[in-house]
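For reference, the structure discussed in these notes is given below.
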Amino acid sequence: MTQQMTSPEHIEYVLRLGDNALILGQRLSEWCGHAPVLEEDMALANMSLDLIGQARMLLTHAGRLEGRGRDEDQLAFLRTEPNYRNLTLCELPNQDFARTMVRNFLYSSFQKLLWERLMTSSDAELAAIAAKSIKEARYHAQHAGDWVIRLGDGTAESYARAQGALDYLWPYTAEFFVATPVDDTVAAAGVGPAWSELETAWEALAMPVLAEATLTVPARTPFRSYGKFGRHSEHMGHLLAEMQIMQRTYPGAQW
Amino acid sequence: MLTEARAWQVLEAVPDPEIPVISVTELGIVREVVATAAGLHVVVTPTYSGCPATEVIAQSIRDALVAAGGGDVTVETRLAPAWTTDWITEPAKEKLRVYGIAPPGGDAPVGPQPIRFVPKKLACPRCGSTDSVRLSEFGSTACKALYRCRSCLEPFEYFKPI
């Protein structure tokens with residue numbers, strides 16, 4: 001039986017989704033044992049688990065599409081930095097609880113819209129992953145949205161940290177919508193939307209929550225990050241060093 | 001060799017490792033059981049993407065069927081249709097409540113959902129009071145939230161609709 005060749009753009013599009021989940025899952029896992037209160041320690045660890053589960057499904061799928069015999073573990077732990085396709089937003093350090101919650105809100109509200117569109121992907125496996133992942137993304141977005149409002153419309157301290165977080169993170173959200181030929185190819189094949197199509201819907205979802213949190217959304221600047229093109233920030237190398245060290249030191253090791 | 005009907009009976013006795021009062025069939029995790037030439041092929045669906053019990057459940061299913069004489073047992077994971085709490089049977093929901101876990105109320109959310117959490121009046125599984133407060137959206141597992149009853153003061157978990 002001849003296997004239809006999957007376009008490199010299709011594979012990269014799936015890798016981008018998997019890498020976002022993997023890298024953000026890694027960042028959230030860093031909170032385990034260190035969160036400000038026990039209930040949020042559990043929440044962050046469980047959301048990290050959800051994301052890592054999504055990463056497993058997506059990277060396994062990307063590996064199969066690629067057809068070079070790379071499985072989820074080889075893709076997760078053995079690639080070099082320029083080959084990861086996650087948004088720079090996902091690799092940024094957690095910093096504090098406010099920045100973590102604002103980042104989760106910005107990311108998961110975007111993911112909700114993206115998963116919804118991917119549920120009708122011409123790639124049946126991707127559509128199945130989307131139908132599962134959107135359920136979890138809804139809870140992540142609710143959790144983060146609640147916290148953004150509590151922190152923003154909170155004490156002077158929590159407001160300062162939440163506003164500082166939004167000032168720091170907002171420029172990285174421009175990357176969601178930066179045009180790329182990968183998206184154009186994928187959209188034409190019905191695999192998924194070009195992310196630039198989601199900008200208006202995402203702002204309609206995010207802005208009311210930020211307003212209710214009494215936060216000021218910074219004006220757009222020319223700053224752009226390029227993580228989804230493999231050009232990562234100075235934080236990515238450190239993250240990968242920690243995440244990859246066990247597999248690189250003991251190749252093939254399993255729990 | 002086991003018939004499909006007998007295999008389902010065996011699986012009805014395989015408990016969920018995290019909530020041992022209900023079985024993997026009552027949770028809707030087992031989707032299909034097919035008799036093959038060499039034994040049995042079972043199709044399961046994962047609950048949450050990162051559920052750490054998924055592999056344990058598949059192994060328990062395999063072990064139970066092999067022990068019952070099922071021959072060569074294979075387990076396949078199928079993602080679609082996505083698992084939903086709507087598949088948990090009504091008797092199973094009552095078993096959850098008796099065990100101390102508030103069962104998923106209402107139908108699983110579909111379509112666009114509000115970003116803000118709308119608190120619902122959950123009945124305490126022990127005393128029945130609806131004067132309860134949510135302590136954490138995520139409890140001991142991703143599928144459960146943590147609540148406290150302000151009437152009898154006991155904590156309880158809520159199996160979230162999904």
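In what follows, every chain begins at residue 1, and chains take the letters A, B, ... in the order their sequences are listed.
To the nearest 0.5 angstrom, A:Leu49 atom CG is 11.5 Å from B:Tyr48 atom OH. The distance from atom CD of B:Glu137 to atom NE2 of A:His140, rounded to the nearest 0.5 Å, is 9.5 Å. To the nearest 0.5 Å, atom NE2 of residue A:His61 and atom CG of residue B:Leu79 are 10.0 Å apart. Taken to the nearest 0.5 Å, the CZ atom of A:Arg138 stands 13.0 Å off from the NZ atom of B:Lys160.
Contact of B:Pro81 with chain A is not made at all, since no heavy-atom distance falls under 4.5 Å. Contacts of A:Met57 with chain B are made by side-chain atoms alone, with heavy-atom separations under 4.5 Å and no backbone atom involved.
Chain B is approached within less than 4.5 Å, heavy atom to heavy atom, by no residue from residues 16-36 of chain A.
A:Ala128 approaches B:Ala80 most closely through the heavy-atom pair CB-CB, 3.7 Å.
With a 4.5 Å cut-off on side-chain heavy atoms, B:Thr84 and A:Lys135 count as touching. The shortest distance between side-chain heavy atoms of A:Asp41 and B:Phe138 does not fall below 4.5 Å. Side-chain contact check for B:Leu146 versus A:Met42: some heavy-atom pair is nearer than 4.5 Å.
A donor-acceptor pair under 3.5 Å is formed between the side chain of A:Asn46 and the backbone N or O of B:Gly139.
Checked for salt-bridge contact, A:Arg56 and B:Glu55 meet the test: a charged N lies under 4.0 Å from a carboxylate O.
Under the 3.5 Å distance criterion, with hydrogens and angles disregarded, no donor-acceptor pair is assigned to the side chains of B:Ser136 and A:Glu40.
Among A:Met119, A:Gln54, A:Glu125, the residue with the largest count of heavy-atom pairs under 4.5 Å with chain B is A:Gln54.
By the 6.0 Å contact criterion, CE on A:Met246 is open, its count of non-hydrogen atoms from other residues, nucleotides or ligands being 12 or less.
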